[in-house]
Amino acid sequence: MKDVFKLAVKVFSYTFIAIFCVFLFSLALSAMFERKFFMILFSVIAIFSVVSLPYLAAWRQGRRDENLVKVGHIKKSSFKGLFAGLIAAVPSAALITAFLVIGSGEEMYKVIYEAVVRIWFFAFAISFDMFFKTPALLYCYLIPPILGAGLGYILGYKEISLTEKIIYKKSK
């Protein structure tokens, strides 16, 4: 269980780094967001980064665990990446829950929390209008990083590298 928490901290840290980089990148390119095309392009790139960094952390751990299982140091756990992704999503879920609870309170707090939620989930900016009309749907933002970590761990454990499959295509 200790290993799952260590992986969860790594996944959360990588997610936080991705969120921070996406936010800084958005500040640098904010003038381009007036056009819908650039907003969609940015969202695709941002979502890719928010999913790929937790995937990378989990893939590396899956690769290490596969070797540890072979030598008998640990038992096989196929869902370790998914559990770590779920644990790493707790701070984001708490942020959304606080936003929903405070959203019914004073207007000042609602504005502050909406700004924080918009910054935290900026990678998904293209869908903000839809999700802020039905705030409970904000929990959908938690799904991609969780699935990225789960899939990354499984593929790392099975020694399947998507990067190699994409970059190094076999010549016919």
Side-chain angles (χ1 to χ4, degrees), residues 1-29 39-99 116-128 131 137-172:
M1 193 62 152
K2 183 179 173 184
D3 292 340
V4 174
F5 285 113
K6 285 173 72 176
L7 179 57
V9 169
K10 281 184 186 176
V11 167
F12 178 75
S13 300
Y14 278 48
T15 303
F16 182 77
I17 290 168
I19 289 168
F20 184 71
C21 291
V22 164
F23 182 68
L24 289 180
F25 191 64
S26 70
L27 290 177
L29 300 177
M39 188 64 173
I40 293 170
L41 180 65
F42 174 76
S43 288
V44 168
I45 293 169
I47 290 169
F48 176 75
S49 68
V50 168
V51 172
S52 65
L53 286 178
Y55 167 89
L56 179 64
W59 189 89
R60 287 179 180 161
Q61 187 63 45
R63 185 82 170 98
R64 278 188 226 115
D65 285 356
E66 190 264 337
N67 289 330
L68 291 173
V69 168
K70 279 183 181 177
V71 295
H73 288 286
I74 62 171
K75 293 180 182 176
K76 181 180 178 182
S77 174
S78 298
F79 296 108
K80 187 175 182 179
L82 188 62
F83 293 146
L86 287 169
I87 293 168
V90 168
S92 298
L95 179 68
I96 293 170
T97 304
F99 171 72
V116 170
V117 167
R118 284 183 185 266
I119 290 170
W120 190 257
F121 296 107
F122 195 79
F124 305 97
I126 197 72
S127 62
F128 275 163
F131 286 116
L137 289 177
L138 287 169
Y139 288 105
C140 292
Y141 291 150
L142 303 175
I143 296 171
I146 291 170
L147 292 180
L151 182 65
Y153 184 82
I154 290 169
L155 292 178
Y157 189 87
K158 293 183 177 183
E159 298 182 33
I160 299 172
S161 174
L162 292 180
T163 308
E164 289 178 7
K165 298 246 185 232
I166 294 169
I167 295 175
Y168 304 113
K169 295 184 179 182
K170 292 182 181 178
S171 58
K172 294 180 181 179

How close do L142 and A93 get, heavy atom to heavy atom, and via which atoms? CD1-CB, 3.7 Å
Distance-minimising heavy-atom pair for L138 and I96: O-CD1, 3.3 Å
Determine the minimum heavy-atom distance between I119 and I19, stating which atoms define it. O-CG2, 4.0 Å
Where at least one partner belongs to residues 42-59, residue pairs that pass side-chain hydrogen bond (donor to acceptor under 3.5 Å, both in side chains), sequence neighbours excluded: none
V51 and G148: which non-hydrogen atoms are nearest, and at how many Å? CG1-CA, 4.1 Å
Just list the side-chain donor-acceptor pairs under 3.5 Å for residues 3-14, sequence neighbours left out, or say none.
residue : atom : partner : partner atom : Å
S13     : OG   : V9      : O            : 2.7
Y14     : OH   : R60     : NH1          : 3.3

Tell me whether the rings of F42 and F25 are parallel (<30°), tilted (30 to 60°) or perpendicular (>60°). parallel
With a cut-off of 3.5 Å and sequence neighbours excluded, list every side-chain donor-acceptor pair involving residues 62-79.
residue : atom : partner : partner atom : Å
R63     : NH1  : E159    : OE2          : 3.4
R64     : NH1  : Q61     : OE1          : 3.0
D65     : OD1  : Q61     : NE2          : 2.8
D65     : OD2  : K80     : NZ           : 2.7
D65     : OD2  : Y153    : OH           : 2.6
E66     : OE2  : K70     : NZ           : 2.9

Roughly how far, to the nearest 0.5 Å, is CD1 of I146 from CG of L151? 13.5 Å
Is the shortest side-chain heavy-atom distance between Y141 and S92 below 4.5 Å? no
Neighbour count >12 (heavy atoms, 6.0 Å) for atom OH, Y139: yes
Which pair of heavy atoms, one from G81 and one from A149, lies closest together, and at what distance? O-CB, 3.6 Å
Residue pair T15 / L53, side-chain heavy-atom distance below 4.5 Å: no
